[in-house]
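Below, chains carry the letters A, B, ... as their sequence lines are ordered, and counting in each starts from 1.
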Amino acid sequence: MAYKLVIIVGSVRDGRFGPIVASWVAERAREHGGFEVEVVDLADVEIPLSLPAAPPKYAGNSYPRPAGMAVLTSALESADAVLVVTPEYNHSYPASLKAAIDWHFTQWTAKPVAFVSYGGAAGGRHAVLHLENVLTELHAVTIRDGLAFPNYFTAWGGRSSARPTRRRVRENAARPAGLVGGRAAVGAEGRTVPGLTFPRSVALHRETVGAAGHDGRVLLTHIVTASAELAATRSRKAKIATLAAVLRAAETAELPAVIAYLTGQTAQDRLGAGWRTLAELAVEPTPEPSVEVREVDAALTEVAAASGAGSVKRRADVLTALFTRLTRGEQEFLFRLVTGELRQGALEGVMVDAVAAAAEVDAADVRRAFMLSGKLSVTGYAAMTGGAARLAEFRLTLGRPIKPMLASPAESLDEAVAEHEHAIVEYKMDGARIQVHRQGTEVHVYTRTLREITASVSELVDLVRALPCESVVLDGETLALTDDGRPRPFQETMSRFGSTREEQVRALLLRPYFFDCLHLDGVDLLDAPLSERNAALRKVAGEHVIPGEVEPPDAAAVLDAAMAGGHEGVMVKDLTSPYAAGRRGRAWLKVKPVHTIDLVVLAVEWGHGRRTGTLSNLHLGARDPDGGPPIMVGKTFKGMTDELLAWQTKRFQEIETHRDSYTVYVRPEVVVEIELDGAQISTRYPGGLALRFARVVRYRPDKEAADADTIDTVRGLLRGDRAE
DNA sequence: CAACAAGCCTC
DNA sequence: CTCGGCC
DNA sequence: GGCCGAGGAGGCTTGTTG
């Protein structure tokens with residue numbers, strides 16, 4: 001089968017040298033033989049320059065995709081390797097287009113990509129000269145050394161290509177040597193091509209995903225071993241060393257998948273296969289490990305791509321084929337990975353440090369780039385291939401969401417206020433976090449986890465489009481209101497927020513309440529103090545700014561007003577702090593009034609993971625005022641120390657009435673003091689009520705079931721049902 | 001065609 | 001979303 | 001101080017099945 005090279009011509013402006021370079025390369029490839037070449041000229045496929053920087057994932061997303069993007073996408077999907085021909089990278093190259101292509105390359109992680117630039121917008125004579133230089137040099141290298149395209153780039157690109165590798169020549173023998181991959185690519189690893197010097201003005205760039213070829217060489221078993229090592233130690237330093245070693249051994253092409261797997265994720269956004277699907281595979285393991293990370297990634301891509309009728313079976317089939325080739329250890333690892341139960345004591349936080357160690361760069365630089373990209377696979381790849389310089393290129397980009405800053409809980413309003421000399425106190429509203437980007441008339445809305453929801457929140461898009469500015473990035477909360485302007489229960493907001501269906505979208509109107517401004521009309525404000533960001537916010541968002549007061553003389557009054565308005569509480573924020581993207585620091589403190597009630601333990605579930613062998617999750621019941629048996633209103637596993645876990649494991653088996661495979665049922669006589677944020681309507685619990693964020697405070701041996709709080713007390717904790 | 005199961009999202 | 005354990 | 005993992009509540013969408 002021919003090896004497919006897709007050449008993307010990215011010169012969409014004037015000049016049009018791109019097609020010339022592309023056809024030249026295509027010709028060389030055809031001469032060589034064994035290649036299928038497809039040239040995609042982006043000028044022809046009409047990708048608008050306003051293309052979003054990070055198109056939403058394809059599966060299950062109704063986001064309107066420009067037709068041109070589909071062309072690009074299908075070309076990339078079919079490619080074995082990609083060459084992008086563009087004007088001077090980073091300059092005349094339209095930023096949005098560059099971002100879109102970048103984004104795609106991070107998706108097709110296993111494909112080698114090279115960029116050629118030819119002088120760009122200089123135009124006229126200079127561009128022609130540059131082009132001539134490029135063609136001459138390419139030709140000379142190809143002929144003179146018998147080396148192929150990527151070798152040339154690898155050699156020229158210099159930097160970290162000398163990373164240790166376990167690749168072996170014979171493993172490449174099956175594929176054609178030539179432009180990409182194959183024997184020649186192996187030969188180039190870590191070498192420089194003698195006699196080649198390139199004047200800077202030639203602007204021949206190497207920007208690759210997978211400089212070493214598309215041929216992954218880290219085996220899944222290596223990942224499994226590393227994961228086991230991580231789980232075996234509690235030392236953070238040891239974990240970092242283990243992870244860094246794997247990163248160093250990996251080829252650049254497989255870095256994204258390796259980073260994903262070792263941080264408990266897959267490279268695919270959502271697989272559509274979880275615990276149930278995997279549990280029913282029942283495939284005999286193979287004795288010897290052989291499967292490469294690349295192969296796992298390819299299989300999972302297929303799983304994620306399955307949709308429509310028959311897709312459930314399709315997913316199972318692909319997974320069965322994969323699992324058949326895995327050892328027992330690999331099967332177990334993949335199972336835990338997919339179900340989100342890796343439990344190796346290291347996720348992204350540790351990986352950030354590991355990337356820094358492996359790439360020999362400052363961890364702070366990695367962390368910052370991660371917060372700005374939102375994807376550690378992207379950041380890690382950049383660090384490993386381009387070092388600190390490449391990391392420094394990450395910045396707040398319109399249309400590319402960053403990780404939102406998070407808040408820490410405060411014990412009380414007093415504590416929160418005391419912690420900051422200059423603070424702003426704002427309402428804490430019970431909705432969903434949103435991050436809004438606007439550039440001109442183009443608006444994008446993202447969730448807390450950076451999922452794009454633009455298409456399903458048109459009312460927010462329209463509203464932001466009308467703000468008095470050219471470009472802006474806002475951080476805020478969105479929720480639905482009742483007719484008299486009070487917040488609807490969280491469940492109703494979510495019903496609207498989570499829906500993409502037309503009827504539902506129209507049924508409830510979402511309102512935004514912005515509380516931060518990260519960018520305004522060309523000025524990045526991430527590092528500016530909150531006071532400055534707040535000024536920008538007020539300037540641009542006007543009536544859509546969340547209620548609050550700067551340095552209020554009476555913070556308690558703000559909290560009272562928030563509660564009277566039916567809100568969750570208040571946030572107390574340090575006015576001098578910068579926007580610490582992705583971090584949960586003390587600069588933002590949340591104050592939410594808590595409620596305490598006494599409930600009866602009805603049963604306890606056996607714990608998992610570090611709680612294996614202990615009775616962990618309590619079933620909680622409220623007293624029936626009519627004298628019936630306690631009415632279950634929820635469960636909790638929170639607030640228990642190890643000591644308490646041990647105690648209750650023993651205690652509840654003493655009053656056990658019966659049990660099933662994972663629950664011990666007990667006589668309803670133990671009273672436990674429960675802290676909670678409130679109650680909500682439930683269609684699942686018999687009393688029609690459920691607890692929100694319930695946690696154990698302490699047991700009440702001094703009380704009996706008859707002393708427990710009633711279901712009416714719980715009902716009184718429904719928000720909006722309180723006398724304030 | 002309606003009900004259910006699974007997966008993944010919000011808090 | 002919360003909490004406790006741990007580096 | 002920050003990260004990790006223990007697991008809670010509900011909501012929506014998609015595909016399958018009775």
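Ranked by how close their nearest DNA chain D nucleotide is to the 5' end, A:Glu605 and A:Leu342 are led by A:Leu342.
Between A:Arg692 and D:dA9 there is no side-chain polar atom (N or O) within less than 4.0 angstrom of OP1 or OP2. Of the side-chain N and O atoms in A:Ser408, none sit less than 4.0 angstrom from OP1 or OP2 of D:dG1. Between A:Arg270 and B:dC8 there is no side-chain N or O to OP1 or OP2 distance below 4.0 Å. Taking side-chain N and O atoms only, A:Lys313 has no distance below 4.0 Å to OP1 or OP2 of D:dT16. Here A:Thr277 does not reach the OP1 or OP2 of B:dA6: none of its side-chain N or O atoms lies under 4.0 Å away.
Residues from residues 636-651 of chain A that place a heavy atom under 4.0 Å from any atom of DNA chain C, listed by number: A:Lys638, A:Gly639, A:Met640, A:Thr641, A:Asp642.
Nucleic acid contact for A:Lys428: none, since no nucleic acid atom lies under 4.0 Å from a heavy atom of the residue. Backbone-only engagement by A:Lys590 is indicated by non-hydrogen atom pairs under 4.0 Å involving sugar-phosphate atoms exclusively. Across all strands shown, A:Ser307 has heavy atoms under 4.0 Å from sugar-phosphate atoms exclusively, and none from any base. Note on A:Glu348: only backbone sugar-phosphate atoms sit closer than 4.0 angstrom, heavy atoms only; bases stay farther off. The residue A:Val350 sits close only to the backbone: its heavy atoms come under 4.0 Å of sugar-phosphate atoms, none of a base.
Taking A:Thr478 as the reference, nothing meets the side-chain hydrogen bond (donor to acceptor under 3.5 Å, both in side chains) condition, with sequence neighbours excluded.
The cationic group of A:Arg692 lies under 6.0 Å from the six-membered ring centre of A:Phe490 and within 45° of the ring axis, placing it in a cation-pi geometry.
A salt bridge is absent between A:Glu459 and A:Arg511; no separation between the charged side-chain nitrogens and carboxylate oxygens falls under 4.0 Å. Using a cut-off of 4.0 Å between Lys/Arg side-chain N and Asp/Glu carboxylate O, A:Lys428 and A:Glu568 are scored as salt-bridged.
Aromatic ring centroids of A:Tyr446 and A:His437 lie under 6.0 Å apart.
Residue pairs meeting the side-chain hydrogen bond (donor to acceptor under 3.5 Å, both in side chains) criterion with at least one member in residues 303-316 of chain A, sequence neighbours excluded: A:Glu302-A:Arg314, A:Lys313-A:Asp317.
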